[in-house]
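Here is the structure we will look at.
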Amino acid sequence: MDIKDTARPLDGAGVSAFLRSLPAQPLLLGLGEARHFVDELGEARNELFRHLAEHEGYRAFAIESDCLLGLVVDEYVTTGEGTLDDVMERGFSHGFGAFPANRELVRWMRAYNEEHDEQLRFFGFDGPLEYWAASPRQALTGLYDLLDGPLPGAVVTRETLDALLGEDEQWANEATAMDPSQSIGRSEEAQRLRLIADDLAALLDTQAPQLGARDAERAALYARTATGLLRYHYWMADSSPARWARLSALRDAMMAANLRAVAGHGPALVFGSNLHLQRNKSLMAFGDQRLEWWGAGAIAAAHLGDGYAFLASAFGTVGDDVPLSGHPRRRPVRASVGPFPRRPPRPGRGRHGARTPCLP
């Protein structure tokens, strides 16, 4: 099949027509990108979300950024807490806060909410991960503090929890990306924290009736993030050839769990890499390995069925399918259901110029 037979302009009318063609209206509409930081695609995405919010009843936007940092952005767009400058600095991972299109999107969402009773929500759906992973401190202590009564203290005291967590720097050690021996994910403290996180997550279910809606939502986010991070750290310490395939799968499983939570606030537009949001299996060359895993979109679709739809996007036309940013002439954006051909990345320079493994 020629891609021209399925491609359509990435604009409001085109996407509304696509939605009408589906057997059911999705709770999540995934919009994939072939490369991050393409200015014109970010502008087109913003125009599309405005259309979906104003004409299709969309109530939320989710981006491939740290789910915990996303709480800062959501608080701003729903309540006005903080300043736009501060939110863009503290509310995004992967350098996305410096992307002009993201700033304009956050500004517009806040302005929209000031004029409408039914509020738009903002979510990050990535874990607190880069190629290494953050400390589970925020998630674990946040969950602990939201649980009430004597039962959390029966699992672990706050003092013991802080002692087991230790220094954040030992968790967020960038060197663990390529050297599993530097990971503390299989230390005695980390293994005990995995059991504590599991017990606290189970305790959350017993206290659900007494939590308000926003506290319950945040506690559930903390619970799945804490357990997911500790699981990720455990496998960061793995030295087997399957290490990166497993880590890729775990990261996308965390993304998918966050997407299922976002679906409860849908319909929502979800923006991230084609590789994460597509329905088919993700494949990527990594050094001399060929990684295969099911991405967040595929996992979400398995749970949501027709409640998940996906549009892949590519910008412009160049010789090797790599979209260019900052081109002086705006070129049309085209999107189609399903993945576009994508040259797998190679180990090299990461998002911020550091020498890193090149994962999406």
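Considering only residues two or more places apart in sequence or on other chains, F92 meets the ring pair (Phe, Tyr, Trp, His ring centres under 6.0 Å) condition with F122.
Between D126 and H94, the side chains place a donor N or O and an acceptor N or O closer than 3.5 Å (distance only, hydrogens not considered). N173 and Q182 share a side-chain donor-acceptor pair at under 3.5 Å. Judged purely by distance below 3.5 Å, without hydrogens or angles, the side chains of E64 and S273 never pair a donor atom with an acceptor atom. Judged by distance alone, the side chains of D252 and W293 do bring a donor and an acceptor atom under 3.5 Å apart. Using modelled atom types and a 3.5 Å distance limit, the side chains of E167 and Q170 yield no donor-acceptor pair.
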task: Take N46 and N102 through the test side chain to side chain contact (heavy atoms under 4.5 Å, CB included) and record every step on the way to the result.
output: CA-CA 8 Å; N46 290 354; N102 289 341; 5.7 Å; no
task: Go through L120 and W108 one step at a time and tell me if the side chain to side chain contact (heavy atoms under 4.5 Å, CB included) criterion holds.
output: CA-CA 10 Å; L120 299 177; W108 179 83; 3.6 Å; yes
- prompt: Between D306 and L22, is a side chain to side chain contact (heavy atoms under 4.5 Å, CB included) present by the stated rule, with each step listed?
  reply: CA-CA 8 Å; D306 291 338; L22 299 176; over 6 Å; no
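Y112 approaches E118 most closely through the heavy-atom pair CE2-O, 4.0 Å. Of all heavy-atom pairs spanning G185 and A190, the tightest one is O-CB, 3.5 Å. Of all heavy-atom pairs between L277 and G272, the closest is CD1-N, 3.4 Å. In this structure, G30 and Y308 approach most closely via the heavy-atom pair CA-OH, 4.1 Å. Closest of all the heavy-atom pairs between P136 and L229 is CA-CD1, 3.9 Å. Of all non-hydrogen atoms in A296 and M255, the two that sit nearest each other are CB-CB, 3.5 Å.
Taking 4.5 Å as the limit, every side-chain heavy atom of Q25 sits out of range of all side-chain heavy atoms of P267. With contacts defined as side-chain heavy-atom distances shorter than 4.5 Å, the pair N258/R224 qualifies. At least one side-chain heavy atom of R158 sits less than 4.5 Å from a side-chain heavy atom of D145. Using a 4.5 Å heavy-atom cutoff, the side chains of M254 and P128 are in contact.
Cluster partners of L146 are L68, L71, L140, L143, Y144, L147, L151, V155, V156, L161, L164, L165, W171, I184, L193, I196, L200, L203, L204, L211, L221, Y222, L230, counting Ile, Leu, Val, Met, Phe, Trp and Tyr whose side-chain heavy atoms approach within less than 4.5 Å, directly or via other members.
Checked by atom type and distance alone, the side chain of Q119 pairs as donor or acceptor with a backbone atom of H116 at under 3.5 Å. Checked by atom type and distance alone, the side chain of N113 pairs as donor or acceptor with a backbone atom of V77 at under 3.5 Å. Judged purely by atom type and a 3.5 angstrom limit, Q138 has no side-chain atom pairing as donor or acceptor with the backbone of T141. For the pair S282 (side chain) and L275 (backbone), a donor-acceptor distance under 3.5 Å is present. A donor-acceptor pair under 3.5 Å is formed between the side chain of H233 and the backbone N or O of A134. In terms of modelled atom types and a separation under 3.5 Å, the side chain of R279 and the main chain of G297 share no donor-acceptor contact. Here the side chain of S16 pairs no donor or acceptor atom with the backbone of A13 at under 3.5 angstrom. S93 places no side-chain N or O within 3.5 Å of a backbone atom of S65 that could act as its donor or acceptor partner. The backbone N or O of G32 sits less than 3.5 Å from a side-chain atom of S313, completing a donor-acceptor pair.
With rounding to the nearest 0.5 Å, the separation of CZ in R214 from CD in E75 is 6.5 Å. Taking CD from Q278 and CG from L311, the interatomic distance works out to 13.5 Å, rounded to the nearest 0.5 Å. Atom CZ of R260 and atom CG of L28 lie 10.5 Å apart (nearest 0.5 Å). Within the model, atoms CG of L105 and CZ of R45 stand 5.0 Å from one another, a figure rounded to the nearest 0.5 Å. The CZ atom of F61 sits 7.5 Å away from the CE atom of M109 when rounded to the nearest 0.5 Å. A distance of 9.5 Å separates CH2 in W244 from CZ in R251, rounded to the nearest 0.5 Å.
Residue pairs satisfying the side chain to side chain donor-acceptor pair (under 3.5 Å) criterion with at least one member in residues 190-201, sequence neighbours excluded, are absent. Counting only residues at least two apart or in different chains, salt bridge (Lys or Arg N to Asp or Glu O under 4.0 Å) contacts with residues 78-97 comprise D85-R103, D86-R90. The list of ring pair (Phe, Tyr, Trp, His ring centres under 6.0 Å) pairs with a residue in residues 65-87, not counting sequence neighbours, is empty. For residues 174-216, there are no ring pair (Phe, Tyr, Trp, His ring centres under 6.0 Å) pairs, not counting sequence neighbours.
Under 4.0 Å is where a charged nitrogen must lie from a carboxylate oxygen, and between D74 and R121 at least one such pair does.
Within the cation-pi definition used here (under 6.0 Å to the ring centroid, within 45° of the axis), R186 qualifies as a partner of W235.
Follow the hydrophobic side-chain contacts under 4.5 Å out from L84 and you reach V73 in the same cluster. Following chains of ILVMFWY side-chain contacts shorter than 4.5 Å, one can reach L129 starting from M284, so the two form part of one hydrophobic cluster. Cluster annotation: V72 is not connected to L69 through the hydrophobic network of ILVMFWY side chains, with a link wherever side-chain heavy atoms come within less than 4.5 Å. No continuous path of hydrophobic side-chain contacts links Y232 to W294 [ILVMFWY only; heavy atoms under 4.5 Å]. Residues I299 and L259 are members of separate hydrophobic clusters, defined by side-chain heavy-atom contacts under 4.5 angstrom among Ile, Leu, Val, Met, Phe, Trp and Tyr.
No close placement of the H276 and F125 rings is indicated, their centers lying 6.0 Å or farther apart.
When F310, F49, F271 are each tested for a side chain to side chain contact (heavy atoms under 4.5 Å, CB included) with L31, only one passes: F271.
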